[in-house]
Amino acid sequence: MKKTLLCAAALCAMSSVSFAQSSTVTIYGIIDAAVRSEDSGPKGKTNNTVAPGGMSQSRLGFRVNEDLGGGMSALANFEHRFMVDTGTVTAGDFWRQSWVGLKTSYGQVMLGRQYNVLFDITTSTYASFKYSPYIEAFKPEIGMSLGARTSNTVKYMAEMNGFRVALAAAAGEGGAGSSRGGYVRYENGPIAVGAGMQTLDDLNGNTVTGTTVGGALTLGSLTLTAGWALTDPDDKFSRATLAALLGNGGANGGFAVSTNMDNRTMWSLGALYQVTPALNLGVHYWDSKQDSKKGTTDAQGTAKFAAAVADYALSKRTDVYFEVDTTDLGKKMVFANGETSRTGYMVGVRHRF
């Protein structure tokens, strides 16, 4: 259960004006660790590791919500990600989310480092495993989200009659290029659909565009999902930046991001079935293709990914899981160990608070 600190309403007299608001600060987090085995060593030798996040990346966060009166609220979110196996941070940015904003009946505005629109629409509408919403140790779809987060961002979001609309723009500062994008989402009963687009500039003003569309259908205990995504860079967009965006630690396939890369597409299908209130079974398949510029072939490649997960809830806050995944790079691309395919297995435990 999330632990909530309640700050008592304060009555402050300032120039004969009294203010009385209430504020809540919610402390939340996830601790996730797994034993993972995959044939990623030399000549397909098995590597066994303790994965610092099997289904979810471990985190500690703070959410703030203050009632300002008149239907207006102040919001803030700070979230730190860490490696539970070593106690170190997951990335150079200590706070993976750090934003503040205001909410009214007309929507909400958030300023700071936050999830981008491609990540938002994918994980909220047609997530691969909606209770996670993806496999942290194996997440090919996240490589299509242009980095998942953006700094120096202003985002507006509004909801009405089943629709949700979001617009976001990030200033080009601090050694990063500017970006802008938006998404539309609609949910009605068992159906949810959505589409989003985002552009990102490198420091020389060249652009890469990400687009995604998909949906989910829930029929009782069964949920079916489908999605499609495109990453389309300008010819002169920085290939080093593109490799970092698409690479996702190598989980998104062993594609060579060369100067001759034209674009990359990915489509996916998935199914989740709630067998019992405690047991959930899920499978997902991703098919990715990279095209080379006209007249070239060196950047062409394919990758096929599949994963299956059995998740069992021991309580409302603690679950255990077993996962198996496989990657096939076809004939043109290889992993660092020289192999064209890879299989992984994982058993883990996750606690939410």
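Both backbone and side-chain heavy atoms feed into the values below; hydrogens, waters and symmetry mates do not. Keep in mind that what you see is a predicted model, and the values were worked out from it rather than measured.
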> If you look only at pairs with a residue in residues 224-233, which of them pass as a side-chain hydrogen bond (donor to acceptor under 3.5 Å, both in side chains), with sequence neighbours excluded?
Replying inline: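 Listed by first then second residue: nothing to list.
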> Restricting to pairs with a member in residues 101-111, which pass side-chain hydrogen bond (donor to acceptor under 3.5 Å, both in side chains), not counting sequence neighbours?
Replying inline: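 Checked against side-chain hydrogen bond (donor to acceptor under 3.5 Å, both in side chains) - neighbours excluded - no pair reaches residues 101-111.
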>> How about OH on Tyr345, more than 12 heavy atoms from neighbouring residues, nucleotides or ligands closer than 6.0 Å, or not?
In response: no
Without hydrogens or angle criteria, can the side chains of [X] and [Y] be said to hold a donor-acceptor pair below 3.5 Å?
X      : Y      : result
Ser128 : Glu141 : yes
Gln274 : Asn280 : yes
Asp319 : Tyr321 : no

> Partners of Thr122 by side-chain hydrogen bond (donor to acceptor under 3.5 Å, both in side chains), sequence neighbours excluded?
Replying inline: none
>> Quick one, Arg185 with Thr125, criterion side-chain hydrogen bond (donor to acceptor under 3.5 Å, both in side chains). Give me CA distance, side-chain angles, the key distance, then yes/no.
In response: CA-CA 8 Å; Arg185 182 183 188 275; Thr125 310; 2.8 Å; yes
Side chains of [X] and [Y], heavy atoms from C-beta outward: is any pair under 4.5 Å?
X      : Y      : value
Asp120 : Tyr183 : yes
Gln198 : Ser179 : yes
Phe138 : Thr327 : yes

> Partners of Glu159 by side-chain contact (heavy atoms from CB on, under 4.5 Å), sequence neighbours excluded?
Replying inline: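 Residues passing side-chain contact (heavy atoms from CB on, under 4.5 Å) with Glu159: Arg164.
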So, [X] side chain and [Y] main chain: donor-acceptor pair closer than 3.5 Å or not?
X      : Y      : answer
Asp202 : Asn204 : yes
Ser132 : Ile135 : no
Lys293 : Thr259 : yes

>> Strictly below 4.0 Å, N to O, side chains only: are Lys304 and Asp287 in salt-bridge contact?
In response: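 Yes, charged N to carboxylate O under 4.0 Å.
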>> Determine whether Leu230 and Arg264 satisfy the following criterion, side-chain contact (heavy atoms from CB on, under 4.5 Å), listing intermediate values before the conclusion.
In response: CA-CA 6 Å; Leu230 167 69; Arg264 181 179 295 182; over 6 Å; no
Below 3.5 Å, can you tabulate the donor-acceptor pairs from side chains in residues 69-87 to any protein atom, sequence neighbours excluded?
unit_1	atom_1	unit_2	atom_2	d
Asn77	ND2	Tyr28	OH	3.2
Asn77	ND2	Phe62	O	3.0
Glu79	OE1	Tyr28	OH	2.5
Glu79	OE2	Arg81	NE	2.7
Glu79	OE2	Arg81	NH2	2.7
His80	ND1	Phe94	O	2.8
Arg81	NH1	Gln57	OE1	2.9
Arg81	NH2	Tyr115	OH	2.6
Thr86	OG1	Thr88	N	3.4
Thr86	OG1	Thr88	OG1	2.7

>> Please say yes or no: joined through hydrophobic side-chain contacts below 4.5 Å, possibly via intermediate residues, are Met55 and Val50 part of one cluster?
In response: no
> In the hydrophobic cluster built from side-chain contacts under 4.5 Å, what are the other members alongside Leu281?
Replying inline: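 Leu222, Leu224, Tyr273, Val275, Leu279, Tyr312, Leu314, Val320, Val349, listed by chain and number.
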